[in-house]
Enquirer: 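Structure in structure tokens, see below.
On a predicted model such as this, the values are computed, not experimentally measured, just so you know. Quick note on labels: first sequence line is chain A, next is B, and so on, each numbered from 1.
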Amino acid sequence: MLRFALRRNLQIVPTVIVVALLIFVIFSVVPGSFAASLFADGKRAADPQMMARLTQELGLDKPLMERFVTYVTDLARFDLGTSFRTRQPVIDLINDRMWASLQLAIAAMVFAVLVGVPLGFLAALRPGSVLDTVTMIGAVSGLSMPQFWLGLLMMYVFALQLNWLPSFGYGDGSLQNLILPAVTLGVTPLALLARTTRAGVLDVLNADFIRTAHSKGMSEAKVVRWHVARNALVLIVTTVGLQFGSLIGQAVVIEKLFAWPGIGSLLVDSVAIRDIPVVQGTILVIVLWFLIINTAVDLIYAAIDPRIKQE
Amino acid sequence: MLKRLSLAAMLSLGVASAALAEGERYGGTLVFTAPYGSSFATLDIQASPNTQEEFITQAIHRALYSWDSIDNKPVLELATSADVSDDGTTYTYHLRQNAVFHNGKPLTADDIIYSYKRIASPKNAFPGASFVANIKGAEDFIAGKAEDISGLKKIDDHTLEITFTGPINPGFPLMQNTTAIYPSNIEDESTFAKNPVGLGPFVFREHVPGSQVVVEKFDKYYEEGKPYLDRVNIVLMAEDAARDVAFRNKEIDVSVLGPTQYQAYQGEDALKDHLLEVAEVYTRNIGFNPAFEPFKDKRVRQAINHAINAPLIIERLVKNKAYPASGWLPISSPAFDKDKAPYDYNPEKAKALLAEAGYADGFEFEVTASPNESWGVPIVEAILPMLKKVNITVKPKPVESSALGDAVTSNNFQAFIWSNLSGPDPLNAMRCYYSKTQQSACNYTSYSNPEFDKLYEAAQQERDPAKQNDLLRQANNIVQDDAPVWFFNYNKAVMAYQPWVHGLVPNANELAVQPYEEIWIDDTAPASRK
């Protein structure tokens, strides 16, 4: 088990290196520059002297190779660099935003798991029932609804019409402010979970060992708890893991819409103004987050299903 | 007679009580919005050229001059008076005796000298450097060739002499937010980015990155009786649709409107009476590159101006949130020529002009455009069929905003569509057509006309504002006739505000930026604001 865990963890390193390389290359070739973004809104005239000074100060006048070497050596020392825009260390900016992002992702996932898994389970145990039909229609709508539109709908209903919750912002970090963005973000994984849980459970229910369990005279409740749930869990954990990993990336839209101070909105803003160190740092953090969750999922698999470890 | 008298008395009583009811009220919280992005870059506003940070500056900081939105001109802010030398280049400022920084330090001439040196320091690439560069000796200081800025001279603690490079109106450059005055007694300058200290009516309290900045009333603010509010929450709300919901839900006190919302709000009884509108100082245009063969001919450029039905686009696409442009200088400019008519929509004339220029069969050109709804790809798509009628094929070349800036300043375009600053200072606005202005500075269309240059140089030397404006008006009309751009429109900014908010002003420079110290909220405000 230890060797397996170690091997999985070591795989993160080359992945991060490749990603770091890719980000560097992409942002070296896309058009647009930080200095030019400062007057992109046309609200001030371009100032070539300032642009030149800025380019020099930020080291953007140096050859690409030299910049790349600096980037890599800094990275090796876990230094993500300094933001062009704020002139503060990138790690501080990420640190300011990371907690809000985690809060949102965790809340959305908890919501999705608590609602999606039981619904999928119940639907599978009673296929063709009203509950099953309603759940599956709900799941398809949940998956196909654009998050931006769903968020606006939620705002309209729960903030404007019912006046139960605030429509935007972090507030003082209270649960009230978290509910709308978390639920909006949680709808897609919820729908996916309900569907995969249903499919997984249905699969298991038709398996030979369930028939055997029944024929041994095991009670329905025991069969579901000991055989169905445990075997369906592998599929559920995979879905949860994949979804959880990508939630921080998906949260970009939700964060913008609800003015939620996470790293997603930091990333979007930074891309628009070509604040490259922040873009690189944020993407790396998101990738790292994805990899860690994935590794955790693999380890959990091995714990649930000993067959995986032996492969 | 008696009846009429009593009616008059009643009316005057009514007016009197209304005046009382409208009396300024102290206290409460204003929830203001910063709509230009989902974060504040820094709280060290000397380092930031962005409009977004001006929302904080207005509360916390003060510059030597400020903008008077009612009289539409810069006025002295940190000085009570200024003596001007005969040649108009040296100003002796008598600074306010009662201005105090939030850290308790009284304002002195040293603070202004310190601040201007910090802004112009060769170690910092600060955006305000170009404004300070109007001071004599500043160019050398910026280039690292001098220890001091020779034009800055302290007479005593409250008297400061500034010598400028020419007879300019120093109010325009030195009212800029990026020239705000900081206290000279802060040891560690890096603290400005997280803990700003200024002379403004509100003291910095809290910054939740990506969410909001909170400021609270400064008891020692120099203007008596101001500010009215106890607290201002400046919240970040970049999404139009989300801002709309929050405004309707009374969670925010003001909202800047885009074209679609403007149209919607005008149609709703509850909202239409609380819209503040102003002609801002931006001119939307399509700039033509004279290096592209067909654009060398003035008749071609004029033909394009005649071939496009600008009022129709303004009505249908921009939802009347703009004024048709009749030249470069906008309606809010003191040198605006109200008698000058815009190019009329006249495809026949356009065809004739094109034929004269040898382009009867038309030609094809590319317009570099950002996705902006008011001055980007959607507008290019709208002119496409209009120009097709005169045989000109237009191709939009979509780029991101930061790439648009790069393409234009490196002269890498056939045509571009943009919104450009054209005020409030007409002299500075017309600089963009002066042949000695670099293409990469703001002479984006490489404009050069000796007749214009003569007028512009005369205006530079003219000290009588009325005569200066007259010269600039003539210069502006030459540009209009030469048509280096397609004159599209001047922006109309619209801000919706809650009925309990008072004291907002029509700020032509940037409507969204308001003098918080003048704002007060009345009794009808919800409990959360009181």
Side-chain angles (χ1 to χ4, degrees), chain A residues 30-58 83 85-88 93 96-97 100 148 151-152 155-156 159-160 163 166-173 255-262 265-266 268-269 271-274, chain B residues 36-39 41-42 44 47-51 122-127 129-130 133 142 193 208-212 235-239 241-243 245-246 248-249 251-252 282 284 370 375 399-409 418-421 428 431-432 438 440-442 444 510:
Chain A
V30 288
S33 69
F34 173 69
S37 79
L38 293 179
F39 51 89
D41 60 4
K43 289 187 172 169
R44 57 205 72 79
D47 179 351
Q49 274 110 4
M50 180 202 154
M51 285 171 75
R53 279 202 309 278
L54 203 59
T55 307
Q56 197 185 3
E57 185 191 316
L58 301 174
S83 157
R85 185 168 76 126
T86 70
R87 297 166 196 250
Q88 284 163 31
L93 297 181
D96 280 342
R97 305 290 196 103
F148 187 85
L152 279 177
M155 278 183 190
Y156 182 77
L160 197 55
N163 217 345
S167 72
F168 77 98
Y170 188 66
D172 48 8
E255 285 177 14
K256 285 288 262 190
L257 184 64
F258 287 95
W260 188 262
S265 51
L266 179 69
V268 174
D269 279 6
V271 170
I273 60 161
R274 303 285 186 272
Chain B
Y36 302 119
S38 49
S39 63
T42 173
D44 180 357
S48 163
N50 308 313
T51 310
K123 283 185 293 183
N124 306 326
F126 281 0
S130 64
I142 295 170
V208 183
S211 178
Q212 65 173 351
V235 299
L236 293 153
M237 289 209 81
E239 282 305 328
R243 217 165 47 238
V245 173
R248 288 164 183 271
N249 203 26
E251 289 176 80
I252 53 176
Y282 306 106
R284 276 82 193 264
S370 76
W375 42 270
V399 292
E400 267 188 275
S401 329
S402 61
L404 173 73
D406 260 348
V408 175
T409 52
W418 210 354
S419 164
N420 295 107
L421 186 70
N428 192 41
R431 179 181 64 103
C432 297
Q438 277 172 279
S440 60
C442 70
Y444 304 133
E510 171 60 63

Enquirer: For A/A36 and B/S402, work out which heavy atoms get closest and say how close.
Expert: CB-O, 3.5 Å
Enquirer: If I measure from the heavy atoms of chain B, does A/R97 come under 4.5 Å with its side chain, its backbone, both, or neither?
Expert: side chain
Enquirer: Is B/R431 in contact with chain A via its backbone, its side chain, both, or neither, using a 4.5 Å heavy-atom distance?
Expert: side chain
Enquirer: What option among B/A47, B/A238, B/S419, B/P49 has the most heavy-atom pairs under 4.5 Å with chain A?
Expert: B/P49
Enquirer: What heavy-atom pair brings B/A242 and A/L152 nearest, and what distance separates the two atoms?
Expert: N-CD2, 4.3 Å
Enquirer: Might you point out which heavy atoms bring A/R87 and B/A125 nearest each other, and give the distance in Å?
Expert: NH2-O, 3.4 Å
Enquirer: To the nearest 0.5 Å, tell me how far A/L257 CG sits from B/R243 CZ.
Expert: 12.0 Å
Enquirer: Would you mind telling me which of B/S38, B/S401, B/C442, B/G405 has the largest number of heavy-atom pairs within less than 4.5 Å of chain A?
Expert: B/S38
Enquirer: Could you tell me which portion of B/S39 (side chain, backbone, both or neither) has an atom closer than 4.5 angstrom to a non-hydrogen atom of chain A?
Expert: both
Enquirer: Using heavy-atom distances under 4.5 Å, tell me whether A/F148 contacts chain B through its side chain, its backbone, both, or neither.
Expert: side chain
Enquirer: Answer with side chain, backbone, both or neither: which region of B/V235 has an atom nearer than 4.5 Å to a non-hydrogen atom of chain A?
Expert: side chain
Enquirer: Without swapping roles, check the side chain of B/N249 against the backbone of A/A159 for a donor-acceptor pair under 3.5 Å.
Expert: yes
Enquirer: First locate atom CZ of A/R85, then atom OG of B/S48, and finally report the distance between them rounded to the nearest 0.5 Å.
Expert: 8.0 Å
Enquirer: Taking side chain as everything from C-beta outward and backbone as N, CA, C, O, which of these in A/Q88 sits under 4.5 Å from a heavy atom of chain B? Side chain, backbone, both or neither.
Expert: side chain
Enquirer: Is there a side-chain contact between B/S130 and A/M50 (heavy atoms, below 4.5 Å)?
Expert: no
Enquirer: Please check: side-chain N/O of B/W418 versus main-chain N/O of A/A40, any donor-acceptor pairing under 3.5 Å?
Expert: yes
Enquirer: To the closest 0.5 Å, what do you measure between CG (A/D41) and CG (B/L421)?
Expert: 10.0 Å
Enquirer: What are the two closest heavy atoms between B/A41 and A/T86, and how far apart are they?
Expert: O-CG2, 2.7 Å
Enquirer: Are any non-hydrogen side-chain atoms of A/R44 and B/T51 less than 4.5 angstrom apart?
Expert: yes
Enquirer: Can you find a pair of side-chain heavy atoms, one from A/F168 and one from B/E239, that are under 4.5 Å apart?
Expert: no
Enquirer: Stepwise, does the side chain to side chain contact (heavy atoms under 4.5 Å, CB included) test hold for B/I142 with A/Q49?
Expert: CA-CA 10 Å; B/I142 295 170; A/Q49 274 110 4; over 6 Å; no
Enquirer: In Å, rounded to the nearest 0.5 Å, how long is the span from CD of B/E400 to CD1 of A/I273?
Expert: 11.5 Å
Enquirer: Give me the atom names and distance for the closest heavy-atom approach of B/S211 to A/Y170.
Expert: OG-CB, 3.6 Å
Enquirer: Does any heavy atom of chain A fall under 4.5 Å from the side chain of B/F126, the backbone, both, or neither of them?
Expert: both
Enquirer: Might you point out which heavy atoms bring B/G37 and A/D269 nearest each other, and give the distance in Å?
Expert: C-OD2, 4.1 Å
